[in-house]
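Chain letters run A, B, ... following the sequence lines, proteins first and then strands; every chain starts at 1. Only heavy atoms go into these numbers, but all of them, side chains included; no hydrogens, no water, no symmetry mates.
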Protein chains: 2
Amino acid sequence: MNKDNLIQLFQNVLPMSTGKAEQLAEKFKAGKTVRNEYLLKEGAVCNASHFIEEGIMRSYTYDIEGNEVTTSFYSKKMQGSDLVSFFKRIPSKESIQALTDCETWYITYGDMQANFHAIPEFREFGRLNIINHYSILKQRMLSMLQETAEQRYGALINSNPEILQNVPLKYIASYLGITDTSLSRIRKEFIKK
Amino acid sequence: MNKDNLIQLFQNVLPMSTGKAEQLAEKFKAGKTVRNEYLLKEGAVCNASHFIEEGIMRSYTYDIEGNEVTTSFYSKKMQGSDLVSFFKRIPSKESIQALTDCETWYITYGDMQANFHAIPEFREFGRLNIINHYSILKQRMLSMLQETAEQRYGALINSNPEILQNVPLKYIASYLGITDTSLSRIRKEFIKK
DNA sequence: CTCATTTCTTGCCATTTGCCAAGTGTAAGC
DNA sequence: GCTTACACTTGGCAAATGGCAAGAAATGAG
């Protein structure tokens with residue numbers, strides 16, 4: 001497992017020389033998570049931020065009635081961690097679970113903090129990385145405001161087709177904000193087109 | 001107009017001495033925006049980040065059919081700016097408009113960047129501030145996934161009752177992701193209880 | 001004050017989605 | 001093979017919401 005994807009990811013977030021990107025990448029360690037294992041459990045403080053090299057994860061929490069709500073899916077090149085818990089050092093409100101065997105590159109909070117102080121590019125990367133997450137979330141918020149469930153489903157499987165192959169329908173449904181019954185019907189209509 | 005609110009806001013985000021908070025507050029300038037004026041127009045790069053001392057603003061964009069979609073409301077002690085445009089230096093996808101006469105404390109991108117480099121607390125505050133915005137957006141996302149429009153409406157007017165007084169119903173409706181017709185009905189039901 | 005515009009409400013009906021329950025398919029363990 | 005979960009689909013009906021249009025109420029300009 002080499003760090004090419006990680007290095008490229010850094011350069012995508014913040015333009016920098018390959019040498020500098022390699023320097024940042026050195027701070028990350030390889031991790032493995034087997035299917036169904038937890039990267040983070042609700043109530044724990046998220047102490048490592050993982051970039052996914054291979055595999056699919058999901059984060060989820062519970063609604064008032066105790067039903068699982070899938071809050072996000074993570075696949076190749078995405079970052080699987082609870083940013084709020086990680087940066088604010090507070091217990092996470094959600095769990096992160098591997099849906100397939102996964103390989104990741106991760107950094108602990110302590111290491112990250114040390115590098116933030118020592119390496120200006122590191123903190124600049126960190127800030128833009130958070131902003132990117134914020135931007136993605138905002139885009140998803142907009143799609144909740146203006147798109148139908150069917151449109152959101154279409155967008156999801158277009159951008160992340162591998163999710164469709166590996167993820168039970170009920171997880172996708174709660175991510176989209178609908179019931180699995182409705183998604184089943186939507187999917188039926190979808191295939192016709 | 002004194003900076004007490006601003007100083008308190010800093011200390012809420014990141015525990016620090018009042019002296020240090022005053023030092024950060026010195027970097028902010030007073031601004032005024034009259035009703036209906038724009039703090040930021042879609043397509044422009046957001047060059048100043050405003051903390052609201054008094055008044056109400058809203059941000060909005062357009063959906064595919066060209067209808068306005070209100071993306072957020074901002075009132076006292078909140079931050080009115082497009083964080084993505086501000087930090088990434090890219091054109092904003094949304095406009096920010098004053099719904100009442102407003103007074104703000106603002107800092108320009110250049111000043112902020114300079115202070116980030118010079119004052120560790122400033123960048124630490126900046127990072128946590130972004131994380132807080134991310135956290136709020138995530139919470140709103142969750143409410144879209146699990147709550148009915150009526151519940152979201154109730155939560156909004158409980159947390160920001162002044163919005164109800166100053167904001168046309170159609171803005172609130174598009175913020176909640178429903179039509180103004182539906183909101184009118186929901187409100188009718190709501191008053192009964 | 002008057003007129004024009006905007007905002008808000010209401011009725012009617014269609015569409016989407018939820019809820020519950022039954023039934024089918026599929027994979028894992030014994 | 002049999003059994004037991006679990007995943008998914010389907011039907012029937014209820015609830016939530018949207019689309020359209022008419023009218024009432026509030027607001028703003030002159």
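We find that Lys32(A) and Glu103(A) are joined by a salt bridge, their nearest charged nitrogen and carboxylate oxygen being less than 4.0 Å apart. Salt bridge Glu54(B)/Lys76(B): present, at least one basic N to carboxylate O contact under 4.0 Å.
Using a 4.0 Å heavy-atom cutoff across all strands shown, Thr179(A) reaches sugar-phosphate atoms only and no base atom. Heavy atoms of Arg35(B) sit under 4.0 angstrom from primed sugar atoms or phosphate atoms, though from no base atom.
Distances were taken from every side-chain heavy atom of Pro168(A) (C-beta onward) to each of dC20(C), dA7(D), dT17(D); the shortest belongs to dA7(D). Listed candidates were dT9(C), dT10(D), dT17(C). Nearest to the side chain of Ser184(A) is dT10(D).
The shortest distance between the side-chain N/O atoms of Ser182(B) and the OP1/OP2 oxygens of dG18(D) is below 4.0 Å. In terms of phosphate contacts, Lys170(A) brings a side-chain nitrogen or oxygen within less than 4.0 Å of OP1 or OP2 of dA7(D). Distances shown here put every side-chain N or O of Lys188(A) at or beyond 4.0 Å from the OP1 or OP2 atom of dT9(D). Using a 4.0 Å cut-off, no side-chain N or O of Arg185(A) falls inside it from OP1 or OP2 of dT16(C). An OP1 or OP2 oxygen of dA16(D) is reached within less than 4.0 angstrom by no side-chain nitrogen or oxygen of Thr148(B).
Taking the six-membered ring where the residue is Trp, the centroids of Tyr134(A) and Tyr134(B) are separated by 6.0 Å or more.
Ring orientation note: the planes of Phe28(A) and Phe10(A) are tilted relative to one another, at an angle of 30° to 60°.
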